[in-house]
Structure formats: structure tokens, C-alpha cells
Amino acid sequence: MRATSRVGGTLPAHATAAGKAQLALLPDETVKDLYPFERLSTLTARTIRSRRALLRELAEIRNRGYAENLGESEEHVAAVACAIRNQDGAARGAITVAAPDVRYSTKDFPGVAKILKEATQTLGASLGQAS
């Protein structure tokens, strides 16, 4: 079992750690504009199913500083991500670490997130200000 990237593929932001990390940088009203309906599309049985649940998850991400994905975009894949912000604080991407859930669990997330936070802060500082 392995987790791999799929170049050129897209997934709903609410179903991925990187997407949720970036959504958490937005105000709730903007998220509501992006997700105008209460019911959300799902990829697995663990994908967030409602806008209300997404907003709760985004509040948790803002508090802890990183996003998690526990089989939400693909069965048996766990991931943690931090958003990359430029000097203005605007989202410019995210860095994610993903692995099969048999090798990577929520107990690993805080340590990985600490490293990701440092990396995203360094990278974000080099991006400068929005033009």
C-alpha cells in the first residue's frame, strides 16, 4: 500500500488536508460563498458531508494551525497539511505529508505539523507581497 500524487488530478478542497488548510485562511462568509449548499460531495464514507461540519472543521484547523485528512479523499490514506501564506497572509498553496494510515496516525500529526509550519513560514516569507 502506498500514497502517491496524481499529477493533473483535482479533488474537492473540503476532502483534502491541503484544501482544508487553505480554506481555513478564508473568512466563514467566503467559505459559504464557495459552498452555497449545505450538502457537500463525498469521495469516501469519511468525507465531510455538510457545510456546517466543514465550518466546524475549519475553526479547529485555525486553532491548531494545521489540517488533517483521515481517509476523506482516499480510503486508508492519512495526511496533515499547512497552508503557505505570502507576506500579506494570502494563501499561496500548501505542503502536505501523506502516507498509508497503517504507518501514519493522528499521534504523528503534531510533530509533522510543527515541521510543516516552519517550512511553510520560510517559504511564504520568500514569496513577498501580493501584487
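Throughout, numbering of the chain's residues begins at 1 and tracks the sequence.
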Any [X] side-chain heavy atom under 4.5 Å of [Y] side chain:
X: His14; Y: Thr47; value: yes
X: Arg49; Y: Arg39; value: no
X: Val80; Y: Tyr104; value: yes
X: Arg85; Y: Arg92; value: no
X: Pro12; Y: Leu43; value: yes
X: Tyr35; Y: Leu54; value: yes
X: Leu70; Y: Arg46; value: yes
X: Pro100; Y: His76; value: no

Review point. Donor-acceptor pair, Asp88 side chain versus Ala90 backbone, under 3.5 Å?
Key: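 It does not hold such a pair.
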Check your understanding: Is the backbone of Arg52 close enough, under 3.5 Å, to the side chain of Glu38 for a donor and an acceptor to pair up by distance?
Key -> yes
Between [X] and [Y], what is the shortest heavy-atom contact and its length?
X: Thr96; Y: Ala18; answer: OG1-CB, 3.3 Å
X: Ala79; Y: Phe109; answer: O-CZ, 3.6 Å
X: Ala81; Y: Ala21; answer: O-CB, 3.9 Å
X: Ile95; Y: Ala119; answer: CD1-CB, 4.2 Å

Donor-acceptor contacts under 3.5 Å from residues 55-63 side chains, at least two apart:
| from | atom 1 | to | atom 2 | distance (Å) |
| --- | --- | --- | --- | --- |
| Glu57 | OE2 | Lys20 | NZ | 3.4 |
| Arg62 | NE | Ala24 | O | 2.7 |
| Arg62 | NH1 | Asp28 | OD1 | 3.2 |
| Arg62 | NH2 | Leu26 | O | 2.8 |
| Arg62 | NH2 | Asp28 | OD1 | 3.1 |
| Asn63 | ND2 | Ala59 | O | 3.4 |

Study note, to complete from the structure: Applying side-chain hydrogen bond (donor to acceptor under 3.5 Å, both in side chains) to Ser73 and not counting sequence neighbours gives Asn69
Review point. Does Leu25 belong to the same Ile/Leu/Val/Met/Phe/Trp/Tyr cluster as Leu116, with side-chain heavy atoms less than 4.5 Å apart forming each link?
Key: no
Review point. Same cluster or not: are Tyr66 and Ile84 linked, directly or through other Ile, Leu, Val, Met, Phe, Trp or Tyr residues, by side-chain heavy atoms under 4.5 angstrom apart?
Key: yes
For the [atom1] atom of [X] and the [atom2] atom of [Y], what is their distance to the nearest 0.5 Å?
X: Lys32; Y: Arg51; atom1: NZ; atom2: CZ; value: 6.0 Å
X: Gln22; Y: Cys82; atom1: CD; atom2: SG; value: 11.5 Å
X: Glu74; Y: Thr16; atom1: CD; atom2: OG1; value: 12.5 Å

Practice item. Starting from the C-alpha separation in whole Å, work towards a yes-or-no answer on side chain to side chain contact (heavy atoms under 4.5 Å, CB included) for Asp101 and Val77. Key: CA-CA 5 Å; Asp101 62 4; Val77 174; over 6 Å; no
